[in-house]
Amino acid sequence: MAQDAIEQLGTHRLVPVLVLDDAARADGLAGALVDGGLPVAEVTFRTAAAEESIRVMAARGDVLVGAGTVVSVDQVERAVAAGARFVVSPGLSRAVVERCHERGIPVLPGAVTATEVQQSLELGVSTVKFFPAGTAGGAPAIAALSAPFGGVRFVPTGGVGPSDLAAYLALPCVHAVGGSWMAPRDLVAAGDWATLRAAVADAVRLVNGRRRDEP
Ligand code: 3PG
């Protein structure tokens, strides 16, 4: 049986949050992620190119592609049809979560308060996106929130960068960390795959606990 997509995110521990302005960049971007050692992509529904970009990346077969910024059931349907393997939502929407369950696609809803975590659990979701992580209290807030919710896993995203990545990953309840820093929109738009591949590789090295200058 195929490993659940959410579990695979935990294997990589990093989720690149991507904004594509042109689906013509999708294949090159996917290649740079793979070459950089991070075959994962959260393609956000913030642009008209998202759906086709997911389709292009999913067709390659070598990248775990999900849809991000999914805020409606229509977007859930479009993400599934395009081949997305997981759905990420900035907040907690019962309609989005329930449609994902109906479609059999794993979903990471946003939750930053005890109430939202409880609501997620009531909907059968125990891995949530902690967004926006930086302004919602960062790693200390997640540590405090995890005390009453022992079985809940968090994917902090929003304002995370190389300087605070380790603090998040040090928490046992942090499943993976999301962010755009390793694949910024302007580099994607420029098709600067060499720079992007290097940034991705740097992020992967940080996760693996290796210094940048090590071979
Ligand atoms: C998201 O949608 O998850 C965030 O906008 C990504 O946040 P970042 O750009 O601060 O990494």
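Computed over heavy atoms, backbone and side chain alike; hydrogens, waters and symmetry mates excluded. One is the number of the first residue; the rest follow in order along the sequence.
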Looking at every heavy atom in both [X] and [Y], which two are closest together, and how far apart are they?
{"X": "Ala82", "Y": "Ala58", "value": "O-CB, 3.9 Å"}
{"X": "Leu33", "Y": "Ala41", "value": "CD1-CB, 4.0 Å"}
{"X": "Val160", "Y": "Ala133", "value": "CG2-CB, 4.2 Å"}
{"X": "Pro90", "Y": "Thr69", "value": "CD-CA, 3.9 Å"}
{"X": "Val177", "Y": "Tyr168", "value": "CG2-CB, 3.8 Å"}
{"X": "Ala114", "Y": "Leu145", "value": "N-CD1, 3.7 Å"}

>> Applying side-chain contact (heavy atoms from CB on, under 4.5 Å) to Leu171 and Phe154, what does each step give before you reach the verdict?
In response: CA-CA 9 Å; Leu171 297 175; Phe154 296 87; over 6 Å; no
Spacing of [atom1] belonging to [X] relative to [atom2] belonging to [Y], to within rounding of 0.5 Å:
{"X": "Arg46", "Y": "Leu20", "atom1": "CZ", "atom2": "CG", "result": "12.0 Å"}
{"X": "Leu108", "Y": "Phe130", "atom1": "CG", "atom2": "CZ", "result": "14.0 Å"}
{"X": "Arg85", "Y": "Leu64", "atom1": "CZ", "atom2": "CG", "result": "5.0 Å"}
{"X": "Arg13", "Y": "Leu206", "atom1": "CZ", "atom2": "CG", "result": "13.0 Å"}
{"X": "Arg78", "Y": "Arg55", "atom1": "CZ", "atom2": "CZ", "result": "9.5 Å"}
{"X": "Thr44", "Y": "Gln75", "atom1": "OG1", "atom2": "CD", "result": "10.0 Å"}

Do [X] and [Y] come within less than 4.5 Å of each other through their side chains, counting heavy atoms only?
{"X": "Leu9", "Y": "Val155", "answer": "no"}
{"X": "Arg103", "Y": "Glu77", "answer": "yes"}
{"X": "Pro156", "Y": "Val174", "answer": "yes"}
{"X": "Val87", "Y": "Arg99", "answer": "no"}
{"X": "Val71", "Y": "Ser93", "answer": "no"}
{"X": "Ser146", "Y": "Val152", "answer": "no"}
{"X": "Val88", "Y": "Val70", "answer": "no"}
{"X": "Arg185", "Y": "Asp21", "answer": "yes"}

According to a hydrophobic-cluster definition based on side-chain heavy atoms being under 4.5 Å apart (Ile, Leu, Val, Met, Phe, Trp, Tyr only), do [X] and [Y] belong together?
{"X": "Val15", "Y": "Ile142", "answer": "yes"}
{"X": "Val207", "Y": "Trp181", "answer": "yes"}
{"X": "Leu38", "Y": "Val63", "answer": "yes"}
{"X": "Val96", "Y": "Val117", "answer": "yes"}
{"X": "Leu29", "Y": "Val56", "answer": "no"}

>> Quick one, Met182 with Leu18, criterion side-chain contact (heavy atoms from CB on, under 4.5 Å). Give me CA distance, side-chain angles, the key distance, then yes/no.
In response: CA-CA 9 Å; Met182 75 291 269; Leu18 310 169; over 6 Å; no
Closer than 3.5 angstrom, by distance alone: can the side chain of [X] be matched with the main-chain N or O of [Y] as a donor-acceptor pair?
{"X": "Ser89", "Y": "Leu92", "value": "no"}
{"X": "Glu98", "Y": "Ala95", "value": "no"}
{"X": "Ser180", "Y": "Val17", "value": "no"}
{"X": "Thr157", "Y": "Phe131", "value": "no"}

> Would Phe86 and Val107 count as a side-chain contact (heavy atoms from CB on, under 4.5 Å) if you check the C-alpha gap in whole Å, the side-chain angles of each, and the deciding distance to 0.1 Å?
Replying inline: CA-CA 6 Å; Phe86 64 93; Val107 56; over 6 Å; no
> Is the shortest distance from a Lys or Arg side-chain nitrogen in Asp22 or Arg25 to a carboxylate oxygen in the other one below 4.0 Å?
Replying inline: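 No.
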> Should Glu7 and Arg153 count as an ion pair when the cut-off is N to O under 4.0 Å?
Replying inline: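 Here Glu7 pairs with Arg153 in a salt bridge, since their nearest N and O are under 4.0 Å apart.
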> For Arg60, does the CZ atom sit with more than 12 other heavy atoms under 6.0 Å from it, leaving out its own atoms?
Replying inline: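 For Arg60, atom CZ is crowded (more than 12 foreign heavy atoms under 6.0 Å).
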> Given the rule in the side-chain contact (heavy atoms from CB on, under 4.5 Å) test, do Val128 and Phe149 qualify, once you have shown the distances and angles that lead to the verdict?
Replying inline: CA-CA 12 Å; Val128 298; Phe149 298 113; over 6 Å; no
